[in-house]
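Here the structure is laid out as C-alpha cells; the discussion comes afterwards.
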Amino acid sequence: MRIAVIGAGAVGGLVAALAARAGHEVLVTARGEHAASIAAAGLLVDGGWGEWVAAVELVESIPNRPIDLLILATKAHDSAQAIAPWATHDGTPVLVLQNGLGGEDAVRDALPRSPIAIGLALFAVSLTGPGHITVTGPNGLTLGGDSAAVAVAEPLLREALPADIVLAENIRGAQWTKLLINQVNALPAITGLSVQQTIAHPGLRGVIARAMVETVAVGTAVGARWGRIGAVDAEAIARVRAGGAAAAAELAEHLAAGMGDVPNPASMLQSIRRGRMTEVDAINGVVVDYGTSLGVAAPVNAALVGLVRKAQSGDPPLTPAQALARIPAPS
Ligand SMILES: NC(=O)C1=CN([C@@H]2O[C@H](COP(=O)(O)OP(=O)(O)OC[C@H]3O[C@@H](n4cnc5c(N)ncnc54)[C@H](OP(=O)(O)O)[C@@H]3O)[C@@H](O)[C@H]2O)C=CC1
Ligand SMILES: CC(C)(CO)C(=O)C(=O)O
C-alpha cells in the first residue's frame with residue numbers, strides 16, 4: 001500500500017513508522033528541523049512498542065503517483081493549510097488522526113469526493129526531538145467514519161499497530177467521549193506536570209473532574225450519543241452525570257492508571273514545550289462555545305482556556321497552588 005502522512009509529528013510520525021515497519025511505502029510531510037532530520041536519517045521510534053528506524057520518503061511537493069490512503073495528523077488548527085495542497089488527490093480515502101470534534105471538516109472542504117475515516121488514539125506518544133518519537137503509553141485506537149475509508153484504514157491499522165483497534169459505529173459520539181478524556185490535557189500545559197502527576201494531586205484532580213462534569217453537561221445538552229473509548233463508555237458517562245465531580249475524579253484516576261508509569265505530557269504540554277500553538281480552543285474552547293450557545297455554564301473550561309493561552313504566549317508554568325487560585329472554586 002502507498003500511504004501519505006500529512007503532519008508526521010508524534011502521532012503521524014508513529015503511524016508512518018509503524019506502517020513502514022509493516023512493509024508499506026510511506027510518504028510524509030513535516031516542517032523545519034524535524035523534516036530535515038527525517039530526510040537525513042528517517043524516523044527513530046522507541047518506547048512502548050520497541051525501537052526501530054523507519055525509512056520514509058519526505059515529500060517536498062505533492063506527488064502525481066496514486067496514493068491508497070492519506071493520513072492527516074496535524075494539530076486541528078493546522079488542518080486546512082496542511083490538506084489544501086492535496087486537493088489533486090480528491091477521491092482518495094483519508095484517515096484523520098486528531099482530537100477535537102471537527103478535524104474532518106477541513107478535509108471535506110478540500111477533498112469533497114474523498115471518504116473520511118476518523119481515528120481516535122488512546123495511545124500516548126511524544127516528539128522527543130527532531131526525527132525522534134517515543135511511545136509513552138502503548139494503548140489502542142477507536143476507528144469509524146465513512147465505510148469506504150474505514151475499509152482501507154482498518155486492515156492497515158490492525159496490521160501495523162500492536163494494540164486494539166476498536167470499530168465505532170457512532171464516531172461522532174466517540175469524539176465527544178474523547179473530548180471528555182482530553183480534559184486531562186490542559187493542566188499539564190499550565191503547570192508543566194505530567195497527566196499522571198496532575199491527576200495524583202487532589203486539588204488539580206478536582207479541577208479535571210469539574211471540567212469533565214461540564215463536558216458531560218454540555219455534550220448531553222448537544223445530544224451527543226457518547227461512544228466507547230477504551231474503558232470510558234456510556235455507563236461511565238452516566239455515572240459522571242449522576243455522581244458529579246466525585247464520580248469524574250474516579251474516572252480521571254482510572255485514566256491515569258491506564259497510562260502507566262511513564263510520565264505522559266499529553267499533546268498540549270508538548271506544544272507548549274516546543275513553542276507551538278496548542279489545541280486548547282478545539283478541546284476546552286469547544287465546551288465553552290457549545291455551552292454558551294445552549295445556556296450551559298462551563299466556567300472551569302473557560303478558565304483553563306485562559307490559562308493555557310497565557311502559557312502559550314510564554315508565561316512560566318504555574319505551581320498547583322497558583323493554578324488553583326486562578327480557577328473558579330466549586331460553588
Ligand atoms: N501526542 C499524543 O499522544 C496524542 C495526540 N493526539 C492528537 O493527534 C493530533 C496530532 O498531535 P501530535 O502528533 O501530538 O502533534 P505534533 O505537533 O507532534 O504533530 C503535528 C505535526 O504536523 C506538522 N505540521 C503542521 N502543519 C503542517 C503543514 N502545513 N505541513 C507539514 N507539516 C505540518 C507539525 O509541524 P510543527 O511542529 O512545525 O508545527 C508537527 O510536526 C492532535 O489532534 C492531537 O490532539 C491524540 C492522541 C494522543
Ligand atoms: C489520550 C491522550 C491524553 C494521550 O496522551 C491524548 O489524547 C493527548 O495527549 O492528546
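Atoms considered below: every heavy atom in the structure, side chains included; atoms not considered: hydrogens, waters and symmetry mates. For ligands, and for the atoms within them, numbers begin at 1 and follow the listed sequence.
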Check your understanding: Heavy atom of Ala124 under 4.0 Å from ligand 1?
Key -> yes
Review point. Which atoms of ligand 1 are found less than 4.0 Å from any heavy atom of Ala121?
Key: 47 (C)
Revision key, fill the gap. Note: ligand 1 atoms sitting under 4.0 Å from heavy atoms of Ser267 are 1 (N), 5 (C), 14 (O), 44 (C), 45 (O)
Point to revise | Identity and separation of the nearest protein heavy atom to atom 2 (C) of ligand 2 | key: Asn182 ND2, 4.2 Å
Review point. Which ligand 1 atoms, with their elements, are less than 4.0 angstrom from a heavy-atom of Leu97?
Key: 8 (O), 9 (C)
Review point. Do the ring planes of Trp49 and Phe123 sit parallel (below 30°), tilted (30 to 60°) or perpendicular (above 60°)?
Key: perpendicular
Point to revise | Cluster overlap Leu294 with Val287, hydrophobic side-chain contacts below 4.5 Å | key: yes
Point to revise | Test item: Thr134 side-chain N/O and Thr136 main-chain N/O as donor-acceptor pair under 3.5 Å | key: no
Check your understanding: Which is closest to atom 36 (P) of ligand 1 by heavy-atom distance: Met259, Glu279, Arg276, Lys75?
Key -> Arg276
Review point. Under 4.0 Å from any heavy atom of Asn99, which atoms of ligand 2 are there?
Key: 6 (C), 7 (O), 8 (C), 10 (O)
Exercise for review: Using distance alone, determine whether Ala76 and ligand 1 share an N or O pair under 3.5 Å.
Suggested key: no
Point to revise | For Ser267, the ligand 2 atoms whose distance to one of its heavy atoms is below 4.0 Å | key: 8 (C), 9 (O), 10 (O)
Revision key, fill the gap. Ligand 2 to Asn264, heavy atom cutoff 4.0 Å, flagged ligand atoms 4 (C), 5 (O)
**Study point:** Numbering as shown, the atoms of ligand 2 that approach Ala266 to under 4.0 Å (heavy-atom distance)
**Key:** 5 (O), 9 (O)
Check your understanding: For the side chain of Ser37 and the backbone of His34, is there at least one donor-acceptor N/O pair under 3.5 Å apart?
Key -> no
**Study point:** Asp146/Arg108 ion pair, N-O < 4.0 Å
**Key:** yes
Exercise for review: State which residues pass salt bridge (charged side-chain N to carboxylate O under 4.0 Å, His left out) with Arg273; sequence neighbours excluded, sorted by chain then number.
Suggested key: none
Check your understanding: Touching ligand 2 at all, Gln270? Heavy atoms, strictly under 4.0 Å?
Key -> no
Point to revise | ligand 1-proximal atoms of Leu122, by part, heavy-atom distance under 4.0 Å | key: neither
Review point. Any idea which atoms of ligand 1 are less than 4.0 Å away from a heavy-atom of Phe123?
Key: 3 (O), 47 (C), 48 (C)
**Study point:** Candidates Val207, Leu307, Val308 - the one meeting side-chain contact (heavy atoms from CB on, under 4.5 Å) with Leu187
**Key:** Val207
Review point. What atoms of ligand 1 come closer than 4.0 angstrom to any heavy atom of Thr29?
Key: 31 (C)
Review point. Would you call Glu33 and Arg274 a salt bridge, using N to O less than 4.0 angstrom?
Key: no
Check your understanding: Short list, please: which atoms of ligand 1 are under 4.0 Å from a heavy atom of Ala73?
Key -> 10 (C), 20 (C)
Check your understanding: Is Val195 in contact with ligand 2, taking contact as a heavy-atom separation below 4.0 Å?
Key -> no
**Study point:** Proximal atoms of ligand 1 relative to Asp78 (non-hydrogen, under 4.0 Å)
**Key:** 25 (C), 26 (N)
**Study point:** Ionic contact status for Asp68 with Arg2, cut-off 4.0 Å
**Key:** no
**Study point:** Lys178 touching ligand 1 at heavy-atom level, < 4.0 angstrom
**Key:** yes
Practice item. Could you tell me the residue and atom name of the protein heavy atom closest to atom 3 (C) of ligand 2, and the distance to it rounded to 0.1 Å? Key: Asn185 OD1, 3.7 Å
Study note, to complete from the structure: min-distance protein heavy atom vs atom 32 (N) of ligand 1 -> Arg31 CG, 3.6 Å
Exercise for review: Could you tell me whether the side chain of Gln322 and the main chain of Thr319 form a donor-acceptor pair under 3.5 Å?
Suggested key: yes
Check your understanding: What part of Ala30 sits under 4.0 Å from ligand 1 if we count only heavy atoms: the side chain, the backbone, both or neither?
Key -> backbone
Review point. Taking heavy atoms and a distance under 4.0 Å, where does Val125 meet ligand 2: side chain, backbone, both or neither?
Key: neither
Revision key, fill the gap. Counting heavy atoms under 4.0 Å, the part of Val11 that contacts ligand 1 is both
Check your understanding: Taking NZ, NE, NH1 and NH2 as the nitrogens, is one of them in Arg225 or Glu169 under 4.0 Å from a carboxylate oxygen of the other?
Key -> no
**Study point:** Val26 reachable from Trp86 in the ILVMFWY side-chain graph, under 4.5 Å edges
**Key:** no
Check your understanding: Is there a donor-acceptor pair under 3.5 Å between the side chain of Arg276 and the backbone N or O of Ser271?
Key -> no
Point to revise | Which segment of Ser271 sits under 4.0 Å of ligand 1 when only heavy atoms are counted | key: neither
**Study point:** Under-4.0 Å heavy-atom contact with ligand 2, by part of Met268 that carries it
**Key:** neither
Check your understanding: Which ligand 1 atoms are under 4.0 Å away from a heavy-atom of Ala82?
Key -> 28 (C), 29 (N)
Check your understanding: Rounded to the nearest 0.5 Å, what separation is found between the CG atom of Leu269 and the OG atom of Ser194?
Key -> 9.0 Å
Point to revise | Ser79 versus Gln98, side-chain donor and acceptor atoms under 3.5 Å | key: yes
